[in-house]
Amino acid sequence: MSEAVIEEKKCWGERFVQLRLKEEEIARCARPGQFVMVRVQEGFDPLLRRPLAVMKVEESSFYLFWEIVGRGTKILSSLNVGSKLEVLGPLGRGFSLFPSQALIVAGGRGITPLYFLASHFKENKIPFTFFLGVKDKEELFMVDFLQDFPGAYFWSCEEPVEGGFCGTVLSLFHTWLEDKSFSPGTGVYACGPEGMLKNLYREGKTQNFPLEVSLETFMGCGFGACMSCAVEKSNGKGYFHVCKDGPVFLAQELKW
Ligand SMILES: Cc1cc2nc3c(=O)[nH]c(=O)nc-3n(C[C@H](O)[C@H](O)[C@H](O)COP(=O)(O)OP(=O)(O)OC[C@H]3O[C@@H](n4cnc5c(N)ncnc54)[C@H](O)[C@@H]3O)c2cc1C
């Protein structure tokens with residue numbers, strides 16, 4: 001467990017927050033797809049830490065980005081620059097990092113670990129294309145994150161917006177895939193709502209490539225002690241624990 005100091009805070013409307021936190025060890029060791037467990041506040045309420053993916057690292061700092069969905073993320077969003085946050089990590093198994101080329105599919109806040117992955121691909125000159133889907137105009141600001149990857153991204157919005165594909169990220173992705181062919185070493189990487197991941201896998205459009213998904217299950221401890229984040233294996237031989245076996249899995253290993 002370490003203490004990270006909030007160096008910068010950005011908010012978008014009432015729902016989204018990004019922090020830059022100073023913590024050398026996490027900044028040095030975190031790999032794309034890994035997460036940290038964040039203590040919400042002092043005392044025992046809420047008791048459980050909340051898992052958040054690492055979005056970016058920069059010298060001795062790292063970034064978190066989250067959507068406010070309940071009490072924990074709401075309390076965290078009230079912290080300001082200069083406050084300290086107790087964090088445990090980096091935890092979990094991340095994405096595989098060296099495909100010959102990559103297709104990245106993000107739904108809403110699922111952009112967080114995938115932004116980190118795309119930064120790694122950019123740094124290592126691995127060609128990639130990023131597809132981001134947002135639900136509404138309130139989430140459109142996330143497209144700005146992708147300006148760090150010029151010419152390598154497409155986005156969709158479920159509300160009609162000028163200049164954007166109107167629909168879900170999966171229809172955008174499938175439309176784009178139609179007239180393309182890929183080498184065997186291509187990897188597909190996804191994070192987003194469970195329904196999106198399930199459809200991406202079941203529709204089979206990625207069946208010629210390994211599909212890696214990052215899951216956002218409920219989690220108690222973050223390191224395999226409480227077993228609350230179990231997901232069933234596809235081979236019927238028990239369960240994975242998302243915190244230590246994941247959060248990134250090959251989609252075919254999971255029962256959907
Ligand atoms: C490895 C991992 C990485 C994650 N990274 C991010 C991230 O980078 N950014 C981000 O915004 N979120 C991320 N999440 C999800 C985030 O941890 C939860 O949204 C958060 O814990 C909710 O806490 P809360 O106290 O605000 O909400 P709670 O009060 O616990 O719940 C509020 C509502 O959200 C639902 N809910 C809570 N947690 C989940 C969940 N995990 N899946 C589905 N529904 C849920 C509850 O049913 C309830 O309706 C990640 C989750 C995991 C497992």
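Just so you know, these numbers come straight off a predicted model, no measurement behind them.
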Scan Val87, Ile26, Leu64 and name whichever one has a side chain to side chain contact (heavy atoms under 4.5 Å, CB included) with Leu21.
Leu64
Tyr115 pairs by ring-ring contact (aromatic ring centres under 6.0 Å, His included) with which of Phe149, Phe65, Phe95, Phe128?
Phe149
State whether the side chain of Glu212 and the backbone N or O of Phe249 hold a donor-acceptor pair below 3.5 Å, judged by distance alone.
no
When you measure from the centre of the six-membered ring of Trp176, is the NZ or CZ of Lys180 closer than 6.0 Å and no more than 45° off the axis?
yes
Do any N or O atoms from the side chain of Arg50 and from the backbone of Leu48 form a donor-acceptor pair under 3.5 angstrom?
yes
Think Lys56 forms a cation-pi with Tyr63, using NZ or CZ under 6.0 Å from the six-ring centre and within 45 degrees of its axis?
yes
Are Gln147 and Tyr153 side-chain neighbours, meaning at least one heavy-atom pair lies under 4.5 Å?
yes
Interatomic distance, Ser119 atom OG to Asp148 atom CG [nearest 0.5 angstrom]:
7.0 Å
Between His120 (side chain) and Pro32 (backbone), is there a donor-acceptor pair under 3.5 Å?
no
Is Arg15 reaching over with its side chain to a backbone N or O of Gly13, donor-acceptor style, under 3.5 angstrom?
no
Can you confirm whether Glu24 is buried at CD, in the sense that more than 12 heavy atoms of other residues, nucleotides or ligands lie under 6.0 Å from that atom?
no
Going by heavy atoms in the side chains, are Val213 and Leu254 under 4.5 Å from each other?
yes
Distance-only, no hydrogens or angles: does the Thr129 side chain make a donor-acceptor pair with backbone N or O of Ala152 under 3.5 Å?
no
Aromatic ring proximity, centroids under 6.0 angstrom, Phe130 and Phe154
no
Quick check against the 3.5 Å criterion: does Ser234 have a side-chain atom that pairs as donor or acceptor with the backbone of Lys255?
no
Any side-chain heavy atom of Phe145 sitting closer than 4.5 Å to one from Gln18?
yes
Under the 3.5 angstrom rule, does the side chain of Trp66 hit a backbone N or O of Thr73 as a donor-acceptor pair?
yes
Using only atom types and a distance under 3.5 Å, with no angle test, would you say the side chain of Ser228 pairs donor to acceptor with the backbone of Gly220?
yes
Before accepting this row, confirm whether a basic side-chain N of the pair Glu253/Lys233 lies closer than 4.0 Å to the acidic partner's carboxylate O.
no
Indicate, with yes or no, if Leu250 and Trp256 share a hydrophobic cluster defined by side-chain heavy-atom contacts under 4.5 Å among Ile, Leu, Val, Met, Phe, Trp and Tyr.
no
Between Glu203 (side chain only) and Leu200 (backbone N and O only), is there a donor and an acceptor less than 3.5 Å apart?
no
So does Glu8 have more than 12 non-hydrogen atoms from other groups sitting under 6.0 Å from CD?
yes
Judged by atom type as modelled, is there a donor-acceptor pair below 3.5 Å linking the side chain of Asp136 to the main-chain atoms of Glu139?
yes
Does the salt bridge (Lys or Arg N to Asp or Glu O under 4.0 Å) test come out yes or no for Glu216 and Arg109, once each step is laid out?
CA-CA 11 Å; Glu216 285 190 357; Arg109 69 183 194 225; 2.5 Å; yes
Spacing of Arg39 atom CZ and Ile75 atom CD1 [to the nearest 0.5 Å]
12.0 Å
Looking only at the aromatic ring of each residue, does the gap between the centers of Tyr189 and Phe121 stay below 6.0 angstrom?
yes
So for atom OH, which belongs to Tyr239, do other residues, nucleotides or ligands contribute more than 12 heavy atoms lying within a distance under 6.0 Å?
no
What one should report as the nearest heavy-atom pair of Val169 and Leu132 is CG2-C, 3.7 Å
If we only count heavy atoms from C-beta on, is the Val54 to Thr112 side-chain gap below 4.5 Å?
no
Write down the atom of Ser214, the atom of Cys191, and the distance for their closest heavy-atom approach.
O-SG, 3.6 Å
Can you tell me how far apart CZ (Phe173) and CD1 (Ile104) are? Round to the nearest 0.5 Å.
10.5 Å
Does a donor on one side chain sit under 3.5 Å from an acceptor on the other, for Glu7 and Ser61?
yes
Does the side chain of Thr168 pick up a donor-acceptor pair with the side chain of Glu158 at under 3.5 Å?
no
Under-4.0 Å salt bridge between Glu159 and Lys135:
no
Nearest-0.5 Å distance, CZ of residue Arg93 to CZ of residue Phe240:
9.5 Å
Quick one: are Lys9 and Val17 in side-chain contact, heavy atoms under 4.5 Å?
yes
